[in-house]
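Order of the sequence lines fixes the chain letters, A, B, ..., with proteins taken first and strands second; residue numbering starts at 1 for each chain.
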Amino acid sequence: MNLDYINRGVNDMEKTRVRFAPSPTGELHIGGARTALFNWLFARHNGGKMILRIDDTDRQRSSQEYLLSIIESMKWLGLNWDEGPEVGGDYGPYIQSEYLHKYRELAEQLVRDGKAYYCFCTAEQLATEKERQRKEGQPPRYSGRCRFLSEEERERRKLSESYVIRFIMPKEGETVVEDIIRGQVTFENNIFDDFIIIKSDGVPTYNFASVIDDHNMAITHVIRAEEHLSNTPRQINIAQGLGYQVPLYAHVPMILAPDHSKLSKRHGATSVQEYRDMGILPEALVNYLALLGWSPGEDKEIMDIHEIVDLFSLEKVSKNPAIYDIKKLIWLNGHYLRTLELNKIVERALPFMKRKYNLCAEIGTEKYKEIEKIIDLVRDRVKTLQEIADASSYFIEDDLQYDEKGIEKHFRKDGVGKILSEVSLALQRVEPFEAGRIRDELHDLSQKLNVSLSRINPPTRLALTGRTMGPELFDIISLLGKERVIKRLKKAKELFELN
RNA sequence: GGCCCCUUCGUCUAAUCGGUGAGGACACCAGCCUUUCAAGCUGGCAACAGGGGUUCAAAUCCCCUAGGGGUCACCA
């Protein structure tokens with residue numbers, strides 16, 4: 001039998017190698033993304049390797065679409081991998097389903113070594129057995145019935161019946177998990193039953209495939225969610241049964257929904273894609289995720305990815321589950337929206353602008369420059385890329401939606417029409433049409449008319465944008481351009497019969 | 001139910017070997033700034049789950065209780 005893949009990579013055993021091993025049965029969700037991030041941070045901090053492996057042994061639920069979507073999310077977050085799909089590597093295959101016979105051979109080796117056995121029990125038999133145990137107040141565990149079948153019976157039934165392969169767990173002693181975050185966690189072996197390592201369709205279960213691949217890929221640290229802690233003793237016993245060195249573990253706390261339950265669809269956006277689509281920046285999401293269950297130990301919250309890599313350590317990961325609070329993410333997003341380089345924001349906001357305003361795919365230099373100015377103006381007061389697009393409407397479209405309350409407040413006053421006419425007249429004169437000069441002109445106008453700016457600006461803003469709030473009015477006027485400004489002032493007067 | 005993990009403001013968290021007015025951030029509230037709204041700045045509200053020990057001294061160490069989560073699948 002060809003088993004040389006077992007021994008590959010021994011030479012770099014001392015090097016840090018971690019893996020993120022998603023199952024392509026859904027999009028990359030927040031919890032998975034954080035696990036991926038912690039793996040990535042650990043690898044980068046230690047100058048080790050980050051491996052992406054696809055655990056697709058659930059043949060029914062796995063799909064190519066999800067695989068692609070997960071890969072896209074990882075890239076979007078900036079979590080690159082040194083080995084895995086698309087980039088290859090010397091420890092492949094990185095997609096479990098591509099090498100199923102490997103697991104089978106190993107399982108059969110365990111059977112020959114007397115460490116595993118064929119089990120012919122049907123689903124019905126197991127169900128009734130469990131039911132009985134439940135009634136008797138016993139923990140539901142497989143009885144081990146098929147373990148001692150005679151070789152003759154076993155071989156005979158293999159021909160006609162479907163079967164699984166079960167691993168023989170020790171029934172005495174204890175198994176200790178060495179966990180970097182939690183210390184030593186001890187399990188009594190008598191609580192385990194002989195669990196399935198090869199399903200009846202010949203595909204390995206997670207507990208089996210994962211151990212083999214971790215070993216073959218020379219993984220040094222298994223960093224994953226806490227839900228896997230209880231399964232770790234099984235995996236350790238498999239590893240020992242196969243003669244593998246057991247890796248170090250780090251079980252990171254779960255991320256919970258605000259109601260303390262497991263994060264699910266009904267709690268709103270849970271996948272990385274959804275956050276991207278609502279206009280969250282990867283910088284913000286990465287920063288936020290890093291803070292969920294980890295802190296650098298000083299009063300530092302806003303960190304770019306390089307700082308986080310620098311400061312990250314598993315020892316500082318907290319033990320308790322974190323509740324996901326979108327408000328803080330939104331706040332961080334707002335921060336990055338107004339502090340990141342403008343061109344970066346424009347690049348990210350452009351798809352949202354295009355979608356909202358049906359702009360053509362190719363945008364000319366001039367148009368680009370204009371959009372850049374718009375974004376620079378509105379980005380200070382919004383929190384997502386989508387809101388950038390929403391806040392830009394009156395620069396892009398001439399049809400305005402006038403705010404109802406604003407109309408009551410600013411238009412239904414005597415003399416508004418006259419003020420707007422004066423504003424129009426005053427602005428005609430301004431040349432060049434830039435914010436500073438516009439401000440001076442309107443200040444002069446307020447002197448001349450002997451009314452405060454708070455009588456002039458609000459109706460002007462409403463007439464030009466349809467809104468009562470937004471960026472600095474003088475910037476808006478300048479960017480809108482003289483022609484459009486005068487047109488809109490006129491239109492508002494006519495539309496609302498202002499005088 | 002068995003087993004495992006966890007428990008500091010509403011939320012994320014900090015607090016070197018036990019000695020702190022228990023710190024920061026989000027959210028919330030108020031003030032300042034201001035042509036609006038944000039942003040920014042200043043201030044405020046707000047926590048050691050409960051009970052026993054150990055100790056001169058406990059958020060920190062030990063035990064118990066309670067609560068939350070995970071796991072016990074031919075899902076990962």
**Student:** To the side chain of A/Pro140, which of B/U71, B/C26, B/G1 is closest?
**Tutor:**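 Nearest to the side chain of A/Pro140 among the choices is B/G1.
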**Student:** Within this structure, what is the CD-NZ distance for the pair A/Glu227 and A/Lys262, rounded to the nearest 0.5 Å?
**Tutor:**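 Answer for the CD-NZ pair, A/Glu227 versus A/Lys262, is 4.5 Å.
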**Student:** Sub-3.5 Å donor-acceptor pair from the side chain of A/Asp194 to the main-chain atoms of A/Tyr142, do we have one?
**Tutor:**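 Pair absent, no side-chain N/O of A/Asp194 close to backbone of A/Tyr142.
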**Student:** Do A/Gln133 side-chain atoms and A/Arg141 backbone N/O form a donor-acceptor pair below 3.5 Å?
**Tutor:**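 Pair found, side chain donor or acceptor close to backbone of A/Arg141.
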**Student:** Can you figure out which of B/A38, B/U13, B/A25 approaches the side chain of A/Ala322 most closely?
**Tutor:**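 So the nucleotide nearest the side chain must be B/U13.
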**Student:** Quickly work out the A/Ile236 CD1 to B/U71 P distance and round it to whole Å.
**Tutor:**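 The distance from CD1 of A/Ile236 to P of B/U71 comes to 18 Å, rounded to the nearest Å.
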**Student:** Residues two or more places apart in sequence or in another chain: which of them pass side-chain hydrogen bond (donor to acceptor under 3.5 Å, both in side chains) with A/Thr339?
**Tutor:**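 Counting only residues at least two positions away or on another chain, A/Thr339 forms no side-chain hydrogen bond (donor to acceptor under 3.5 Å, both in side chains).
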**Student:** Within the 4.0 Å heavy-atom criterion, would you say A/Arg182 contacts the bases, only the backbone, or no part of the nucleic acid?
**Tutor:**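 Answer is sugar-phosphate: A/Arg182 comes under 4.0 Å of backbone atoms only.
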**Student:** Of the nucleotides B/C4, B/A38, B/A15, which one has an atom closest to the side chain of A/Lys316?
**Tutor:**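 Nearest listed nucleotide: B/A15.
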**Student:** Within less than 4.0 Å of OP1 or OP2 of B/A14, is there a side-chain N or O belonging to A/Ser295?
**Tutor:**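 Affirmative; the distance criterion is met.
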**Student:** Starting the side chain at C-beta, find the nucleotide from B/C26, B/G1, B/G69 nearest to A/Lys327.
**Tutor:**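 Nearest to the side-chain atoms of A/Lys327, counting from C-beta on, is B/C26.
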**Student:** Under a 3.5 Å cutoff, is there a donor and acceptor pairing between the side chains of A/Asn287 and A/Tyr336?
**Tutor:**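 The criterion, which ignores hydrogens and geometry beyond distance, is satisfied for A/Tyr336 and A/Asn287.
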**Student:** Name the nucleic acid region contacted by A/Ser454, choosing base, sugar-phosphate or nothing; use a 4.0 angstrom heavy-atom cut-off, strictly under.
**Tutor:**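 A/Ser454: no heavy atom of the nucleic acid under 4.0 Å.
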**Student:** Of the nucleotides B/C72, B/C12, B/U11, which one has an atom closest to the side chain of A/Asp325?
**Tutor:**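 Of the candidates, B/U11 comes closest.
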**Student:** Return yes if a side-chain donor-acceptor contact under 3.5 Å exists between A/Gln386 and A/Asp390, otherwise no.
**Tutor:**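 Yes - a donor-acceptor pair under 3.5 Å links their side chains.
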**Student:** Of all the nucleotides listed (B/C74, B/A25, B/C6), which has the minimum atom distance to the side chain of A/Glu301?
**Tutor:**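 Looking only at side-chain atoms, A/Glu301 lies closest to B/A25.
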**Student:** Is there a donor-acceptor contact under 3.5 Å from the side chain of A/His443 to the main chain of A/Arg439?
**Tutor:**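 The answer is yes, because a donor-acceptor pair under 3.5 Å joins these two groups.
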**Student:** Please compare A/Lys328 and A/Arg166 by the position of their nearest nucleotide in RNA chain B and report the one closer to 5'.
**Tutor:**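 Of the two residues, A/Lys328 wins.
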**Student:** Using the side-chain heavy atoms of A/Trp331, tell me which of these nucleotides is nearest: B/C37, B/C26, B/G70.
**Tutor:**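 Selected nucleotide: B/C26.
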**Student:** Which one, B/C5, B/G70, B/C74, comes nearest to the side chain of A/Ile196?
**Tutor:**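 Among the listed nucleotides, the one closest to the side chain of A/Ile196 is B/C74.
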**Student:** Counting only heavy atoms and a strict 4.0 angstrom limit, can you tell me which residues of residues 407-421 of chain A come near RNA chain B?
**Tutor:**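 Within residues 407-421 of chain A, no residue comes under 4.0 Å of RNA chain B.
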**Student:** Give the nucleotide from the list B/A76, B/G70, B/C74 with an atom nearest to the side chain of A/Lys262.
**Tutor:**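 Comparing B/A76, B/G70, B/C74 against the side chain of A/Lys262, the answer is B/G70.
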**Student:** What is the distance from CG of A/Asn231 to P of B/C74, rounded to the nearest Å?
**Tutor:**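 One finds 12 Å between P of B/C74 and CG of A/Asn231, rounded.
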**Student:** Looking at B/C12, B/U13, B/A39, which one has an atom nearest to any side-chain atom of A/Ser318?
**Tutor:**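 Ranking B/C12, B/U13, B/A39 by closest atom to the A/Ser318 side chain puts B/U13 first.
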